[in-house]
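One-based numbering, in listed order, for ligands and for the atoms of each.
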Amino acid sequence: MRLLVVEDEEDLVDALRVGLVRAGYAVDVAYDAPSAEEKLQVNTYDLVLLDLNLPGGDGFQLCRMVRAAGNGVRIIMVTARDRLDDRVRGLDEGADDYLVKPFAFPELLARVRALLRRDTGAGTSVLEVGELRLDTARMEVTLGGRALALTPKEYGVLHYLMTRPGHVVSTEELLEHVWDEHADPFTNTVRVTVGNLRRKLQVEGLIETVISRGYRLREAP
Ligand code: CA
């Protein structure tokens, strides 16, 4: 899953980036409102962490712009303002959740997980497809009870596929949702990562290649 962190405090950005990448997310950063606007137009994000007080604009405007463009990306407003009317306004402008600084990182992660699973139908932090089980809180993956040691990208690809079992997911879509903005669009990194993931799964046909369209995770029988 790919996140955009919109925040101008560099120390906080650095801490967030390290923590979020460690938690298995691809992370892009925008330090001001105009670059956030541009990235939101160019890239596809699964969730945005949005500061309110930004150079060149504010989070309320950005949120309104995103929603006016019909973009349903999940948004968590993160801000030092803790006044009730700001929280109400943030939610009314289209934010899905609101977190007041200072916050505890585990709480932020839990809110991110909770929002990201809204689309998947999963009621908890655990995704299950057939014998595959992926715990997004612990970053643990098992297949038929056997623990799999995955790299962050392998984990990201499997996580994304497990949110769409039975659906064809293109290479471009995986690149958009599992890699950050520094990924080379002409690279074969997706193919290599899927190949390594298949070897670790050791189950023939669990991730199918659908010729000229992409990959499909076999649904539960
Ligand atoms: Ca700020």
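Contact annotation: Glu9 places no N, O or S atom under 3.0 Å from the Ca ion (ligand 1). At least one N, O or S atom of Asp8 sits under 3.0 Å from the Ca ion (ligand 1). Taking 3.0 Å as the criterion, Thr79 does not count as a coordinating residue of the Ca ion (ligand 1), since none of its N, O or S atoms falls below it.
Distances from the Ca ion (ligand 1) to the N/O/S atoms of Asp51 are shortest for OD2.
Between Glu154 and Lys200 a salt bridge is recorded (basic side-chain N to carboxylate O distance below 4.0 Å).
Remark: the Ser35 side chain and the Asp32 side chain contain an N/O donor-acceptor pair separated by less than 3.5 Å. For the 3.5 Å distance criterion, the side chains of Thr44 and Glu176 qualify, holding a donor opposite an acceptor.
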Evaluate the criterion salt bridge (Lys or Arg N to Asp or Glu O under 4.0 Å) for residue pair Glu181 and Arg2; output intermediate values, then yes/no.
CA-CA 10 Å; Glu181 61 189 338; Arg2 184 177 180 184; 5.4 Å; no
